[in-house]
Structure formats: C-alpha cells, structure tokens
Amino acid sequence: MATARNISRFWEWGRKIICVGRNYADHAKELKNAVPTEPILFLKPPSAYVKEGSPILVPLYTSDLHHEVELGVVIGKGGTSIPQADAMEHVAGYALCLDMTARDIQDQCKSKGLPWTMAKAFNTSCPVSEFIPKENIPDPSDVKLWLKVNDQLRQSGCTSQMIFSIPFLISYISDFITLEEGDLILTGTPKGVSAVQEHDELQAGIEDVLTMTFKVNRLEL
Ligand SMILES: CC(=O)CC(=O)C(=O)O
Ligand SMILES: [Mg+2]
C-alpha cells in the first residue's frame with residue numbers, strides 16, 4: 001500500500017529547485033551586474049539539498065564559495081500558466097534556503113557564456129530549513145532575512161526589496177516549466193554575499209520565525 005507523502009519533507013521528494021537570480025537590485029549592483037528587466041532563472045537538482053546536522057561541502061574546484069540567503073517558496077499545488085491572481089493558492093509554505101555559489105567558477109562561466117551548473121548545482125549547494133507552513137508567514141512580501149558567519153552579520157535584507165514578487169515569479173515560471181507539488185522556488189538574495197571557509201559556522205534566520213545553522217567542511221578525496 002502506498003504511504004501518503006508529507007509536504008513538510010518536500011526535500012525528499014526529488015522535485016525541482018528553481019532559482020531566481022538578481023532579484024534584489026542591491027545584490028545585482030554589488031556584483032556589478034545589470035538590474036534585470038525579466039527574471040533570470042537557473043536550476044539545482046534535488047541532490048543539492050542538505051539539512052541541518054550535515055555539513056555544506058566545499059567543492060574541490062572552487063576557492064571562493066559564497067553564501068546567499070534566500071526565501072524559498074514550497075509549491076503545494078502544481079500547475080501550468082498559473083495566473084498571478086491565483087498564484088498564492090499554489091503555495092504550501094516556505095523554507096529558509098542558502099544558494100551556495102562557487103563565485104570564481106560562476107565568473108568563469110559568465111565570461112565564457114557557459115551555464116552556471118558547476119557554480120550553483122553541486123552536492124550540498126542548497127542548505128534548507130524545516131518546512132514553514134504558509135500561515136506562519138502571513139505576508140511573504142515583507143519578511144526580514146539575515147545571515148551570520150561565525151557570529152558576524154553579513155546579510156540583512158527584506159523581501160519587500162524583491163524586484164519580482166512571489167505571485168509574479170510563480171506565474172512567469174509556470175508559463176514554461178510546469179510546477180509540481182514539492183517544487184521549491186528560491187527567490188534571490190539581498191546584498192552582502194561573501195566567501196566562506198572550511199570550519200566556518202553559518203547561521204541564518206527569517207525574522208522571529210526560524211533560525212538554522214550549518215558547518216562548512218571540505219570535501220574529502
Ligand atoms: C549572481 C547570482 O549568483 C544570482 C543569484 O543567485 C541571486 O540570488 O541573485
Ligand atoms: Mg541566489
């Protein structure tokens with residue numbers, strides 16, 4: 001007999017992780033990128049997930065691994081071409097996420113016109129919190145996100161600074177990628193991204209809703 005799957009363990013479902021880049025003007029500017037007029041999207045595989053208690057593993061090929069704290073939106077009801085007005089009905093809840101990025105590799109890919117896969121989609125590139133039920137964040141367009149490295153504040157932003165809103169993103173993405181229950185949308189990072197090293201401790205939070213902690217380790221050969 002099939003057992004019912006629980007959305008609160010969405011990271012175990014093998015669903016898509018769809019990431020939005022440069023959705024905060026202050027972050028686009030700190031990396032000297034143009035502020036986008038349309039969403040910039042990329043994907044991570046489900047093998048990118050890592051949960052508290054397990055470390056973030058620095059890939060052997062990078063010497064500049066960056067943290068990016070982001071609000072994740074967990075899809076509860078799938079759909080294609082979802083109208084913006086209906087978009088929030090498709091949201092089951094949220095998660096605090098890190099979009100770990102090998103910045104040196106991303107810069108190389110950008111200069112060669114290559115995709116960002118090696119920079120963004122490696123194992124443990126998506127540390128994720130517990131599932132946050134929708135009711136616990138009544139207004140996702142106005143929540144504060146922060147991240148500390150070894151107790152030093154590096155990122156502090158508010159989702160009100162997003163260029164493209166959550167309903168817009170859900171509608172935009174679903175026009176060409178069918179959204180499924182258990183998919184996760186990473187909504188972009190505010191300014192303050194910086195490098196992490198082996199043995200660092202990252203702590204991140206969403207207002208008074210939740211905090212999470214991850215250690216950074218080097219991948220053993
Ligand atoms: C420049 C980036 O890495 C884009 C990105 O992921 C973001 O959150 O912005
Ligand atoms: Mg990002």
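Counting starts at 1 for both ligands and their atoms, in listed order. All residue numbers refer to positions in the sequence shown, counting from 1. Only heavy atoms go into these numbers, but all of them, side chains included; no hydrogens, no water, no symmetry mates.
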Ligand 1 polar-atom proximity to protein (N/O, under 3.5 Å):
| from | atom 1 | to | atom 2 | distance (Å) |
| --- | --- | --- | --- | --- |
| ligand 1 | 3 (O) | Glu68 | OE2 | 3.1 |
| ligand 1 | 3 (O) | Arg103 | NH1 | 3.1 |
| ligand 1 | 3 (O) | Gln106 | NE2 | 3.0 |
| ligand 1 | 3 (O) | Lys120 | NZ | 2.7 |
| ligand 1 | 6 (O) | Glu68 | OE1 | 2.9 |
| ligand 1 | 6 (O) | Asp99 | OD2 | 2.9 |
| ligand 1 | 6 (O) | Lys120 | NZ | 2.7 |
| ligand 1 | 8 (O) | Glu68 | OE1 | 3.0 |
| ligand 1 | 8 (O) | Glu70 | OE2 | 2.9 |
| ligand 1 | 8 (O) | Thr189 | N | 3.1 |
| ligand 1 | 9 (O) | Arg22 | N | 2.7 |
| ligand 1 | 9 (O) | His27 | NE2 | 3.4 |

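Judged by distance alone, the side chain of Glu201 and the main-chain N or O of Thr213 form no donor-acceptor pair under 3.5 Å. One N or O on the side chain of Lys44 and one on the backbone of Lys120 form a donor-acceptor pair closer than 3.5 Å.
Taking distances strictly below 2.8 Å, the protein N/O/S atoms close to the Mg ion (ligand 2) are Glu68 OE1, Glu70 OE2, Asp99 OD2.
Taking the six-membered ring for Trp and thresholds of 30 and 60 degrees, Phe176 and Tyr172 have ring planes more than 60 degrees apart, a perpendicular arrangement.
Qualifying side-chain contact (heavy atoms from CB on, under 4.5 Å) partners for Asp208, counting only residues two or more places apart in sequence or in other chains: none.
Side-chain contact of Asp64 with Thr62: a donor-acceptor pair under 3.5 Å is absent, judged by distance alone.
For the pair Lys148 and Trp146, the cation-pi criterion (under 6.0 Å, within 45° of the ring axis) is fulfilled.
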Please set out all donor-acceptor pairs under 3.5 angstrom arising from side-chain atoms of residues 74-83, sequence neighbours excluded.
| from | atom 1 | to | atom 2 | distance (Å) |
| --- | --- | --- | --- | --- |
| Thr80 | OG1 | Thr178 | OG1 | 2.8 |
| Ser81 | OG | Asp175 | OD1 | 3.4 |

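Rounding to the nearest 0.5 Å places CD1 of Ile56 at 9.5 Å from CG of Asp200.
Considering all non-hydrogen atoms of both residues, His199 and Lys215 come closest at O-NZ, 3.5 Å.
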